[in-house]
Amino acid sequence: MKQWAAMANLGVIAAVLSTGAIAQTTSDQGTIIPLYAKGQVTPLGVPETRDTLAETGETMIFNVSDPTLELFRPSPGRANGTAIIIAPGGGFVGLGYVGGGTDIARQLAQRGITALVLKYRTIRSPNTAMHMPDVHMKEMETIMARAKSGLPVEVPTFAGEKHAVEDGERAMTIVRSHAAQWGIDPKRVGFIGFSAGAFLAADLAIGDKATRPDVVGLFYGGLRTPVPADASPAFIAAAADDEYMPHDSVQIYTAWRKAGAPAELHVYEHGGHGFELASKGTTSDHWFDEFIWWMQARELMGLPANQPR
């Protein structure tokens, strides 16, 4: 289980849309919105499960066949018209759903941002405490070897990445289609990801223009290419002592700048892989405020010009 905790922290471990057809249910937390109609995607054939990691207390979700968005809206009168979709990490095997998802969503909502946690599809994993598919073990071997050698330059595509990207694109479409209902500007929809979720965010940032986020936050993820000149403006953050992705944040920043796309890079001296909101007593503890300052500088934290103040 200790090995899985490390991998969980690593996190590397087309129907026509009808807003009326999207069913919504409200949990004790946020509003749950399915990404697809029932039967639209092929299930994994095993039930979705949730486990709590003893080492970190994180809630991990495995064997996701039915992707959803969980909506957290700001208090009445506080919404600023910006929305952010959050993609947790977990190696496309599991999702660190609380620390890398709902905790961050609540903080964003307190700042006036309409926040949504994306529970994207994962690959099938064993029904054991380890949840270690063979394909993921091989991916981890590549990651560990690459951290020492620097090769290959770009992390190979993960087994579950394709379906996750499809879910990310779908999520972008759904959020923009609900802009009027949720009081957001469809041109102010961002996407942030942590570890595996950051790979997903990078895929979207350089992908189809129709579903490209207006801004992205890439936290301890890796490079995806080719990067176009009109890639989403990127806030990139990682720690220098990340034992899994020691150089990737600099590679992402370099690729963005070489393409002429806007980017800002923060490399903290300490913080490791998976710093999220939990205090570590390092400068990485301040990433959230710095991300908000970056959003302010991009004029995404106040009301749009066409809305009354």
Side-chain angles (χ1 to χ4, degrees), residues 17-20 22 24 26-27 29-35 68-88 100-119 167-194 197-198 200-202 204-205 207-219 230-237 261-264 277 287-309:
L17 178 68
S18 169
T19 57
I22 301 297
Q24 300 183 17
T26 301
S27 71
Q29 308 300 320
T31 300
I32 306 297
I33 305 161
L35 261 60
T68 62
L69 283 167
E70 186 168 3
L71 170 66
F72 294 81
R73 301 183 70 176
S75 300
R78 297 204 61 184
N80 58 27
T82 294
I84 296 287
I85 301 170
I86 306 158
T102 57
D103 284 352
I104 295 165
R106 291 189 182 90
Q107 289 295 316
L108 290 171
Q110 288 181 13
R111 304 296 185 101
I113 296 171
T114 299
L116 304 100
V117 182
L118 175 61
K119 187 179 74 172
D167 295 344
E169 292 172 338
R170 178 73 171 179
M172 288 295 303
T173 302
I174 289 175
V175 173
R176 284 178 171 148
S177 74
H178 282 74
Q181 179 183 347
W182 294 339
I184 61 177
D185 185 337
K187 295 182 180 180
R188 291 173 57 170
V189 180
F191 195 108
I192 67 175
F194 299 85
L200 166 53
L204 296 177
D208 189 339
K209 291 184 179 181
T211 53
R212 193 174 293 173
D214 297 293
V215 293
V216 292
L218 309 177
F219 298 92
D230 59 351
S232 306
F235 179 94
I236 307 159
E264 178 163 316
L277 291 175
W287 71 265
F288 184 85
D289 286 336
E290 290 167 341
F291 175 68
I292 294 297
W293 297 336
W294 179 76
M295 295 273 285
Q296 288 174 337
R298 301 200 68 84
E299 300 182 346
L300 295 172
M301 295 302 295
L303 287 172
N306 61 349
Q307 290 192 20
R309 296 179 182 271

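Going from atom CZ of Phe191 over to atom CE of Met172 covers 8.0 Å, rounded to the nearest 0.5 Å. Atom-to-atom distance recorded for Ile85:CD1 and Thr114:OG1 is 11.0 Å, nearest 0.5 angstrom. Within the model, atoms CG of Leu69 and OG1 of Thr31 stand 11.0 Å from one another, a figure rounded to the nearest 0.5 Å. Atom CG of Asp167 and atom CG of Leu118 lie 6.5 Å apart (nearest 0.5 Å). Residue Ile174 holds its CD1 atom at 11.5 Å from CG of Leu71, rounded to the nearest 0.5 Å. Taken from CG in Leu108 to CZ in Phe288, the straight-line distance is 4.5 Å, to the nearest 0.5 Å.
For the side-chain contact (heavy atoms from CB on, under 4.5 Å) test with Thr82, the passing option among Arg111, Lys187, Met295 is Met295; the others fail.
No side-chain heavy atom of Ser232 sits less than 4.5 Å from a side-chain heavy atom of Leu204.
Heavy-atom contacts from other residues, nucleotides or ligands closer than 6.0 Å to CD of Gln296 number more than 12.
Shortest non-hydrogen contact noted between Phe72 and Ala109 is O-CB, 4.1 Å. Residues Ala87 and Leu200 share a closest heavy-atom pair of CB-CD2, 4.0 Å. A pairwise comparison of heavy atoms in Pro262 and Ala231 identifies CD-O, 4.5 Å as the closest pair. Nearest approach of Gln107 to Leu277, heavy atoms of both residues: CG-CD1, 3.7 Å.
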Could you check Leu116 against Trp182 for side chain to side chain contact (heavy atoms under 4.5 Å, CB included), going step by step and ending with a plain yes or no?
CA-CA 12 Å; Leu116 304 100; Trp182 294 339; 3.8 Å; yes
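Ring-plane geometry between Phe291 and Phe235 is classed as perpendicular, the angle between the planes exceeding 60 degrees on a 0 to 90 degree scale with a lower cut at 30.
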Run the side-chain donor-acceptor check on residues 209-219: report pairs under 3.5 Å with partners two or more places apart or on a different chain.
residue	atom	partner	partner atom	Å
Lys209	NZ	Asp230	OD2	3.2
Arg212	NE	Ala205	O	3.4
Arg212	NE	Gly207	O	3.1
Arg212	NH1	Asp230	O	3.0
Arg212	NH1	Asp230	OD1	2.9
Arg212	NH1	Asp230	OD2	3.4
Arg212	NH2	Gly207	O	2.5
Asp214	OD2	Arg176	NH2	3.1
Asp214	OD2	Arg188	N	3.3
Asp214	OD2	Val189	N	2.8

